[in-house]
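Each remark here refers to the structure printed beneath this line.
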Amino acid sequence: MGKVIVVFVGPAGSGKSTLVAAYSKWLREGGIPVYTVNLDPAVDRTPYEPDFDVRTIVDAREIARKYGLGPNGALVKSMEFIAENLEAILSKIASTDTDYVLVDTPGQMEVFLFRDLAWRLGEGLKKISEQSYAIFILDASVIKDPADYAFLLVMSTAVQLRLNLETAPVINKADLAPNIEFRGDIWRDYARLSRMLKESHTLYTDMLRDIMKVLLTYNKRVEVPRVSALKGEGMEELHRLILEMGCSCGDLS
Ligand code: GDP
Ligand code: MG
């Protein structure tokens, strides 16, 4: 088996870095070697020890100082530097002989995702290993009703379309929302979700219902793991999901 590369994407504060820390720890405890990559040039401190840290190439704080930029400007500039150095970063990843490579991405996902860089990263990773995937993370407290749950699936697909990597959604911070209504099996939940969306019958929920129907025809995977990166819970479920992503059924490319 070649190496498995997993890119963690999600809104600022959703728990990407914490999940990279928790999952890499879980893998290592299971005797599986892991290589961790930090691609966030603006992070203060990562909750894991990155094997490759993009801050050795570009540090958003230094860029802000050097170019007299605010935080957003510095991030955008940093992305340009990362794009320029992408080949070097990719060859670092290619040269590791670990089974798993976990890639942590910038806190603000929009600076990374809505640029060329995302697509090029996806392409580059796929050249290194066909088993390159993405995980889209949402904070459980964001998912309060059926429309939010549908939105999670829509966003996960949007990430897939930007990165061109097979992408699966994960709900993090389950410890903060133990009573979250939707869990587990999308197919089983879909009928209920669809009914609830239908009952709401607004333009928005009608649209989400139709979008969900289309997405589910492309996506045969059913489990949406609920994890707590902070507590290290749900790592087995996450791992199972990643192993299952090898099947090509959800591949839109
Ligand atoms: P990132 O911006 O997506 O990398 O998010 P971080 O990993 O830096 O996490 C942002 C904040 O959420 C930190 O204060 C974490 O401790 C917290 N956090 C991350 N995962 C969890 C979780 O599973 N449960 C709880 N309660 N907090 C979490
Ligand atoms: Mg982070």
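Below, each value reflects all heavy atoms present in this structure, side chains not excepted, and no hydrogens, waters or symmetry copies. Order of appearance sets the numbers: ligands from 1, and atoms from 1 within every ligand. These numbers come from a predicted model, not from an experiment.
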Atom 2 (O) of ligand 1: of Pro11, Gly107, Pro106, Gly13, the nearest heavy atom sits on Gly13
State, with a plain yes or no, whether a side-chain heavy atom of Ile57 is found less than 4.5 Å away from one of Ile89.
yes
May I ask you to check whether Lys231 has an N/O atom sitting below 3.5 Å from an N/O atom of ligand 1?
no
Do NZ/NE/NH1/NH2 and the carboxylate oxygens of Arg240 and Glu236 come within less than 4.0 Å?
no
Parallel, tilted or perpendicular, as decided by the 30° and 60° cut-offs, for the rings of His239 and Tyr100:
tilted
When distances are taken from atom 23 (O) of ligand 1, the protein heavy atom at minimum range is Ala229 N, 2.9 Å
Can you confirm whether Phe52 is buried at CZ, in the sense that more than 12 heavy atoms of other residues, nucleotides or ligands lie under 6.0 Å from that atom?
yes
Within the structure provided, determine whether Val7 and Ser132 are in side-chain contact (heavy-atom separation under 4.5 Å).
no
Checking Ser78 side chain against Ala74 main chain: does a donor-acceptor pair fall under 3.5 Å?
yes
Go through ligand 1 atom by atom and flag the ones less than 4.0 Å from a non-hydrogen atom of Leu176.
26 (N)
If the cut-off is 4.0 Å to any non-hydrogen atom of Asp175, which atoms of ligand 1 fall inside it?
22 (C), 23 (O), 24 (N), 25 (C), 26 (N)
Quick one: does Ser14 get a heavy atom under 4.0 Å from ligand 1?
yes
Among Thr105, Val20, Leu230, whose heavy atom sits nearest atom 22 (C) of ligand 1?
Leu230
Out of the candidates Ile93, Ile5, Val101, only one should pair with Ser129 under the side-chain contact (heavy atoms from CB on, under 4.5 Å) rule; please name it.
Ile5
Are Lys77 and Glu80 within salt-bridge range, i.e. N to O under 4.0 Å?
yes
When rounded to the nearest 0.5 Å, the distance separating CZ of Arg120 from CZ of Arg115 is 12.5 Å
I need the atoms of ligand 1 closer than 4.0 Å to a non-hydrogen atom of Ser17, numbered in the order shown.
4 (O), 7 (O)
So side-chain hydrogen bond (donor to acceptor under 3.5 Å, both in side chains) across residues 50-63, not counting sequence neighbours, yields Thr36-Asp51, Asn38-Asp53, Asp53-Arg55
Quick one: look up the protein heavy atom nearest atom 20 (N) of ligand 1 and list residue, atom name and how far away it is.
Asn172 ND2, 3.2 Å
Could you pull out, from Lys173, Met109, Lys16, the option with a heavy atom nearest to atom 12 (O) of ligand 1?
Lys173
Go through ligand 1 atom by atom and flag the ones less than 4.0 Å from a non-hydrogen atom of Thr18.
6 (P), 7 (O), 9 (O), 15 (C), 19 (C), 20 (N)
Expected output: side-chain Lys16 to main-chain Met109 donor-acceptor under 3.5 Å:
no
Determine the interplanar angle of the Phe81 and Tyr67 rings, folded into 0 to 90°, and report it as parallel if under 30°, tilted if 30 to 60°, perpendicular if over 60°.
tilted
When you measure from atom 14 (O) of ligand 1 to the protein, is at least one non-hydrogen atom found at a distance under 4.0 Å?
no
Ignoring water, what protein N, O or S atoms are under 2.8 Å from the Mg ion (ligand 2)?
Ser17 OG
Going by the atom numbers of ligand 1, which of them fall below 4.0 Å from some non-hydrogen atom of Gly15?
1 (P), 3 (O), 5 (O), 6 (P), 7 (O), 9 (O), 19 (C)
